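Take a look at the structure set out below.
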Amino acid sequence: MRTSVSRSLLLAIASLSGGYSAHVSRRGSSSASPFTSYSPAFDTILGTGPKLSVVFNQSERLFYEGGIYHPPTDSLFTVSDRISISPGRNDSAQVLVRVANVHTWPSYEILNLTSISNPISGVRYQGQGANGTDDLMAFVAWGNSKNDPPGGLYSISPYPPYEVKPLTTALGVYHYNAPDDVTVLPDGTMYFTDPTYGYQEGLRPDPLLPNQVYRYDAATNTTRVAVDGLVRPNGIAHSPDGIVLYIGDTGARTGDGSLDYQGPRTTYGFDVKNVSSGAGGSAGPFVTNRRVFAMPYDLGANDGLKTDLAGNVWGLSATGVFVWNASGDLLGHISVPTEDGGNIGFGRPGELFINGGNVLYRVTMDDSVIGTGVWFASDAGAPSQVSG
Ligand SMILES: *[C@@H]1O[C@H](CO)[C@@H](O)[C@H](O)[C@H]1NC(C)=O
Ligand SMILES: *[C@@H]1O[C@H](CO)[C@@H](O)[C@H](O)[C@H]1NC(C)=O
Ligand SMILES: *[C@@H]1O[C@H](CO)[C@@H](O)[C@H](O)[C@H]1NC(C)=O
Ligand SMILES: *[C@@H]1O[C@H](CO)[C@@H](O)[C@H](O)[C@H]1NC(C)=O
Ligand SMILES: *[C@@H]1O[C@H](CO)[C@@H](O)[C@H](O)[C@H]1NC(C)=O
Ligand SMILES: *[C@@H]1O[C@H](CO)[C@@H](O)[C@H](O)[C@H]1NC(C)=O
Ligand SMILES: *[C@H]1O[C@@H](CO)[C@H](O)[C@@H](O)[C@@H]1NC(C)=O
């Protein structure tokens with residue numbers, strides 16, 4: 001999501017975040033610590049020397065969305081806020097930024113890909129790539145006002161020249177609103193959210209579809225509506241086994257810069273499962289059993305969502321990252337100024353990247369924390385917890 005937020009909202013968020021001191025604060029003393037623990041489980045996650053550090057702090061907002069770590073090349077793909085993409089052109093766009101040599105001598109380059117417009121978020125997946133590799137990223141893109149190139153779901157190669165291929169760019173004859181986030185289940189099916197923020201920010205044509213969540217199945221090249229009834233479906237993630245889908249509804253962010261206190265800021269859990277076909281067999285999978293999973297204790301909502309291999313759910317909100325276990329208990333909070341959201345991504349074991357706009361943050365914690373979907377079993381150095 002990318003929405004302008006009023007100054008008063010930011011101030012409200014800032015004053016609210018001061019309230020955490022009332023809760024159990026890690027190691028009691030230092031109020032400057034960005035880590036707040038609500039459970040011994042979070043102390044285990046943090047390990048003995050958790051650290052929040054700055055990878056980059058630039059004058060442009062280059063680290064706004066995305067956050068896809070690519071272990072084989074030690075690179076991280078982020079997405080900028082709207083920036084001027086070339087001196088001669090009077091337009092601005094969200095562009096892909098590749099951070100190279102993440103763990104040695106980080107540098108970044110702006111990837112000026114012209115066959116995708118306003119990319120916003122993605123994840124790694126295994127699928128058929130350009131040159132025989134099965135190492136790809138699924139990326140959602142808002143598209144632009146002329147829908148050329150269109151909004152939708154794309155695959156992007158993590159290797160130069162970063163070949164871009166559309167997977168689905170319309171539901172039948174209807175263009176998508178402004179696809180915002182995607183997750184790829186273990187069976188290869190891709191679920192993506194499609195709120196109307198891009199239209200409200202003047203980047204997209206009139207919306208022709210409800211605020212929905214879609215499933216794209218590469219095996220059959222088909223797309224269907226998977227979830228409706230949400231106000232602004234935004235962040236999306238799944239449990240490591242692919243049985244639970246998490247969707248953050250940021251409906252309280254109306255899209256015009258205001259906050260509707262009565263609007264949803266909730267992350268919902270769903271089951272992804274087969275039902276009876278009515279003919280003695282089973283049909284599906286369908287996304288069923290919507291339930292309240294959690295709501296951040298701030299004025300934000302889960303714009304960015306990820307899970308780890310232990311099933312914990314990590315959600316970026318207005319004041320930083322909230323961590324819940326799979327039962328919806330809040331385990332901890334990492335305080336980072338994110339203004340109005342963005343996204344997060346796990347890296348190497350015990351590592352999480354947080355997009356803070358101008359600043360790219362890195363959290364280092366216990367090595368047992370491993371992000372879902374970050375590693376393939378075939379990657380050199382893949383953690384033993386990642387099975388084929
Ligand atoms: C980033 O740089 C700006 C300008 O120098 C500074 O004000 C700000 O505190 C820095 N942020 C972080 C997180 O280091
Ligand atoms: C980006 O691509 C456009 C269109 O091909 C080109 O005009 C522009 O110079 C490129 N910008 C950069 C920074 O490479
Ligand atoms: C450049 O874009 C801005 C914002 O959309 C617009 O107000 C302005 O008129 C444009 N300038 C030119 C020379 O096209
Ligand atoms: C093809 O894939 C390999 C990795 O398997 C990569 O090193 C290479 O750059 C890729 N080439 C192209 C053109 O995508
Ligand atoms: C997938 O379906 C879309 C829309 O129906 C079509 O435009 C596209 O060519 C198909 N792709 C493949 C690889 O068959
Ligand atoms: C779910 O149903 C589909 C048929 O729609 C079937 O192919 C698949 O094997 C079923 N999966 C399970 C786990 O029963
Ligand atoms: C969250 O998970 C459930 C189920 O495993 C446990 O029973 C809870 O104790 C746990 N909550 C916390 C705060 O750790």
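We use all heavy atoms of the structure for the numbers below, so side chains are in, but hydrogens, waters and symmetry mates are not. One is the number of the first residue; the rest follow in order along the sequence. Bear in mind that the values here come from a model prediction, so they are computed numbers and not experimental data. Atoms within a ligand are numbered from 1 in the order they appear, just like the ligands themselves.
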* Check whether any protein heavy atom sits under 4.0 Å from atom 13 (C) of ligand 1. => yes

* **Under 4.0 Å to a heavy atom of Ser282 - the qualifying atoms of ligand 6, by number** => 1 (C), 2 (O), 4 (C), 5 (O), 10 (C), 14 (O)

* Under-4.0 Å heavy-atom contact between protein and atom 4 (C) of ligand 5 -> no

* To do: Could you tell me whether Phe139 and Phe77 have their ring centroids closer than 6.0 angstrom?
  => no

* Under 6.0 Å from the six-membered ring centre of Tyr197 and within 45° of its axis: does the NZ or CZ of Arg232 meet both? -> yes

* Structure fact -> Quick look: Phe56 vs ligand 1, heavy-atom contacts under 4.0 Å, and the answer is neither

* Main-chain N/O of Asp228 paired to Gln212 side chain as donor or acceptor, under 3.5 Å -> no

* Asked: Applying a strict 4.0 Å limit to heavy atoms, is Pro285 in contact with ligand 6?
  -> no

* To do: Would you mind listing which atoms of ligand 1 come within a distance below 4.0 Å of any non-hydrogen atom of Tyr361?
  => 13 (C)

* Asked: Nearest to atom 6 (C) of ligand 5 by heavy atom, Asn221, Thr222, Leu167: which?
  -> Asn221

* Any N/O of Asn57 closer than 3.5 Å to an N/O of ligand 1? -> yes

* Under 6.0 Å between ring centres, would you say that holds for Tyr69 and His103? -> yes

* Which residue and heavy atom of the protein sit nearest atom 8 (C) of ligand 6, plus the separation -> Asn274 ND2, 3.7 Å

* Asked: So, Arg204 side chain and Asn144 main chain: donor-acceptor pair closer than 3.5 Å or not?
  -> yes

* Asked: Do side-chain atoms of Asn211 reach the backbone of Thr196 as a donor and acceptor pair under 3.5 angstrom?
  -> yes

* Structure fact -> OH (Tyr154) and CG (Leu167) are apart, to the nearest 0.5 Å, by 9.5 Å

